[in-house]
Amino acid sequence: MNKKLVLTGRRNFLLGLGALAGMGTFTVAGRLKHLMYPETWDANGDIAAAQTVPLRVQAAAKGLIYGAASNYRVLSSNPDFAALCTQQCAMLVPELELKWQALRPSPNHFNFTRGDWMAAFAHTHGMLFRGHTLVWHKHLPAWFADTVNSKNAEQVLLKHIATVAGHYAGKIHSWDVVNEAIALGDKRSDGLRKAPWLQLLGPDYIDIAFRAAAEADPQALLVYNENGLDYDTPQATAKRTAVLKLLERLKSNGTPVHALGIQAHLGNRAVQSKFTKLRKFLSDVANLGLKILVTEMDTIDKNLPQDSKVRDRIVAGIYEDYLSVVLDELAVIAVVTWGLSDRYTWLSTKQPRQDGLPVRPLLFDAQLKPKLAWHAVARVFEKAPKRLLYKL
Ligand code: G3I
């Protein structure tokens, strides 16, 4: 083992803990005990002390941001999990709280209670706060279909963005302004999804949304967020082409889009994939002058083997292979996982295993112990080329 690396690692580790100790609210000693005794969670019997440094610290050393999505219910009810989040993450994404359904119980009433709680939590613990999402075809309130029509749609959308992005102006690192606007299955020549907004306003709804977001919060990085961009398959290739066309169109219109979010909900296909085409796509996106964020990474393990040790190894390999390719692109500024612990993940209900075993898609297990996937991500951060920490 490289002694210098170990010493440096220990120093960073202690610095990381020092920073945490200053954060108040949670007692570092009891809650984070397992991180102080790396040998108790060493999966291979061969982990250098450098790898015990929280991911937020490891990422920052390379000019990267590591963060995770979580929600009010989980963070406010489990102090151990909350402490783990603040320890590991430099950025927090509200999984639910800034979506239309959560924010707008009725057309003229906005409820920021939970969103504000999440923003304050991030702020108190020195985490950046990411907004998700201003425009999406899902999670719309029940009143939407009856109330919004082609006559009032633009005004409803503008009011939403001005109110929500305005409310958090200056406190948001980046906004997912538009989420998942491409659906090739909808068979339009421009690849756009037949989302309610498209049907009400036409393709310009995307430009309208970005312009409104820029006006409401000139400091936020404005992101177009998309899924299914990862594999070397014809389907993903077609989607990448459609996304690139959309981004080119937005840029040539002078629409203020600053970055692409790649969700990265990966599955067993990732085991075989070399992500070669994704790598070229990331260069193409960077050449448009855009930054890139991995926004929702996890590994859907419902079709992976039963044995949890075997499964964990495959999942870790997927994290490592994917992020090694993605972080090779210097325009990538952040890696966000969609959750942190297997205890709390949308996949438990949305993509459960047929054998009834709990899913294991994230970096920490249900007992909040780091898994091989955590070590894999740490290793990728360690090897990643250094970039300048990005500021808009
Ligand atoms: O809050 C209720 C709870 O009271 C009730 O007991 C429970 C019963 O099922 O439902 C709870 O609400 C659910 C909520 O998740 C919290 O678990 C909603 O029905 C459910 O629709 C919601 O799903 C979320 C989904 O987006 C829709 O908003 C997932 O948690 C969230 O992880 C998922 O996130 C999306 C991203 O926004 C966009 N990209 C894909 C990603 C995964 O689908």
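In each ligand, atom 1 is the first atom listed, and ligand 1 is the first ligand listed.
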Enquirer: Looking at atom 1 (O) of ligand 1, would you say a protein heavy atom lies below 4.0 Å from it?
Expert: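 Under 4.0 Å from atom 1 (O) of ligand 1, zero protein heavy atoms found.
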Enquirer: Under a 4.0 Å N-O cut-off, is there an ion pair linking Asp207 with Arg249?
Expert: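 A salt bridge is present here (some side-chain N lies under 4.0 Å from a carboxylate O).
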Enquirer: Salt-bridged, Asp186 to Arg188, with N to O below 4.0 Å?
Expert: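 The answer is no: the pair does not qualify as a salt bridge.
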Enquirer: Asp176 and side-chain contact (heavy atoms from CB on, under 4.5 Å): which single residue from Val223, Leu293, Val93, Val135 fits?
Expert: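 When side-chain contact (heavy atoms from CB on, under 4.5 Å) is applied between Asp176 and each of Val223, Leu293, Val93, Val135, only Val223 qualifies.
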Enquirer: Could you identify the single nearest non-hydrogen protein atom to atom 34 (O) of ligand 1 and state the distance to 0.1 Å?
Expert: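 Ranking protein heavy atoms by distance from atom 34 (O) of ligand 1, first comes Trp338 NE1, 3.3 Å.
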Enquirer: Are Lys350 and ligand 1 in contact, using a heavy-atom cut-off of under 4.0 Å?
Expert: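 Within the 4.0 Å threshold, so yes.
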Enquirer: Given Tyr344, Trp346, Tyr72, Trp100, identify the one with the heavy atom nearest to atom 43 (O) of ligand 1.
Expert: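 Minimum heavy-atom distance to atom 43 (O) of ligand 1 goes to Trp346.
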Enquirer: Does the protein put any heavy atom within less than 4.0 Å of atom 24 (C) of ligand 1?
Expert: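 Answer yes: something from the protein, a heavy atom, is under 4.0 Å.
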Enquirer: Report yes if Trp136 has an N/O atom closer than 3.5 Å to an N/O atom of ligand 1; otherwise report no.
Expert: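 N/O-N/O distance under 3.5 Å: no.
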Enquirer: With the threshold set strictly below 4.0 angstrom, can you tell me whether any protein non-hydrogen atom sits that near atom 28 (O) of ligand 1?
Expert: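 Yes; the ligand atom in question has protein heavy-atom contact below 4.0 Å.
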Enquirer: Under 4.0 Å and counting heavy atoms only, is there anything from the protein next to atom 13 (C) of ligand 1?
Expert: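 When distances to the protein are checked, atom 13 (C) of ligand 1 has no heavy atom within 4.0 Å.
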Enquirer: Would Arg73 count as a contact of ligand 1 if the rule is a heavy atom under 4.0 Å away?
Expert: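 Judged by the 4.0 Å heavy-atom criterion, Arg73 does not count as contacting ligand 1.
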Enquirer: Which residue holds the protein heavy atom closest to atom 15 (O) of ligand 1, what is that atom called, and what is the gap in Å?
Expert: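 Going atom by atom, the protein heavy atom closest to atom 15 (O) of ligand 1 ends up being Leu96 CD2, 3.7 Å.
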Enquirer: Angle class for the Trp117/Phe121 ring planes (parallel below 30°, perpendicular above 60°, tilted otherwise)?
Expert: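 Aromatic pair Trp117/Phe121 classed parallel.
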Enquirer: Do we see a donor-acceptor contact under 3.5 Å between the side chains of Gln88 and Trp374?
Expert: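 The criterion, which ignores hydrogens and geometry beyond distance, is satisfied for Trp374 and Gln88.
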Enquirer: Would Arg353 and Asp355 count as a salt bridge (Lys or Arg N to Asp or Glu O under 4.0 Å) here? Give the steps.
Expert: CA-CA 5 Å; Arg353 290 178 60 85; Asp355 56 19; 2.7 Å; yes
Enquirer: Distance under 4.0 Å to a non-hydrogen atom of Gln263: what atoms of ligand 1 satisfy this?
Expert: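 Contacts of ligand 1 toward Gln263, numbered from 1: 39 (N), 40 (C).
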Enquirer: Identify the closest protein heavy atom to atom 41 (C) of ligand 1: which residue and atom is it, and at what distance?
Expert: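 Protein heavy atom at minimum distance: Glu296 OE1, 3.4 Å.
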Enquirer: What I want to find out is whether Arg240 reaches Asp284 closely enough, with some N-O distance under 4.0 Å, to be called a salt bridge.
Expert: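 So Arg240 does not pair with Asp284 through a salt bridge.
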Enquirer: Considering only heavy atoms of Glu180, which atoms of ligand 1 have at least one such atom less than 4.0 Å away?
Expert: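 Those atoms are 38 (C), 39 (N), 40 (C).
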Enquirer: Could you tell me whether Asp301 and Arg311 make a salt bridge, using a distance below 4.0 angstrom between a side-chain N and a carboxylate O?
Expert: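 Here Asp301 pairs with Arg311 in a salt bridge, since their nearest N and O are under 4.0 Å apart.
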Enquirer: List every atom of ligand 1 that sits less than 4.0 Å from any heavy atom of His265, numbering the atoms from 1 in the order shown and giving each element.
Expert: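 Near His265, the atoms of ligand 1 are 40 (C), 41 (C).
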Enquirer: Report the nearest protein non-hydrogen atom to atom 26 (O) of ligand 1: residue, atom name, distance rounded to 0.1 Å.
Expert: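 Ranking protein heavy atoms by distance from atom 26 (O) of ligand 1, first comes Lys99 NZ, 2.9 Å.
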Enquirer: Would a distance-only check, ignoring hydrogens and angles, find a side-chain to backbone donor-acceptor pair under 3.5 Å from Tyr224 to Ala181?
Expert: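 Present.
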Enquirer: Let me know which of Val178, Ile161, Thr255, Leu157 forms a side-chain contact (heavy atoms from CB on, under 4.5 Å) with Ile208.
Expert: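 Filter result, single survivor: Leu157.
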Enquirer: Is the closest protein non-hydrogen atom to atom 19 (O) of ligand 1 under 4.0 Å?
Expert: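 False for atom 19 (O) of ligand 1.
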Enquirer: Does the protein put a heavy atom less than 4.0 Å from atom 8 (C) of ligand 1?
Expert: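 No, there is none.
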Enquirer: Parallel, tilted or perpendicular, judged at 30° and 60°: which one describes the rings of His160 and Trp100?
Expert: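 Answer is parallel, since the angle falls under 30°.
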Enquirer: Would you kindly specify which portion of His132 sits under 4.0 Å from ligand 1, judged on non-hydrogen atoms: side chain, backbone, both or neither?
Expert: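 Side chain only; the backbone of His132 stays clear of ligand 1.
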Enquirer: Between ligand 1 and Asn179, is the shortest N or O to N or O distance under 3.5 Å?
Expert: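 Looking only at distances, the answer is no, because the N/O contact criterion of under 3.5 Å is not met.
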Enquirer: With a 4.0 Å cut-off on N to O distance, would you call Asp232 and Lys274 a salt bridge?
Expert: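 Looking at Lys274 together with Asp232, the answer is no, because their closest N to O distance does not fall below 4.0 Å.
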Enquirer: At a 4.0 Å cut-off, with the gap strictly under it, does some heavy atom of Glu95 reach an atom of ligand 1?
Expert: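 Yes; Glu95 lies near enough to ligand 1 that a heavy-atom distance drops under 4.0 Å.
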Enquirer: Establish whether atom 39 (N) of ligand 1 and some protein heavy atom are separated by less than 4.0 angstrom.
Expert: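 So far as the 4.0 Å threshold goes, atom 39 (N) of ligand 1 is in reach of a protein heavy atom.
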Enquirer: Does Lys62 pair with Glu382 as a salt bridge, N-O distance under 4.0 Å?
Expert: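 A salt bridge is absent here (no side-chain N lies under 4.0 Å from a carboxylate O).
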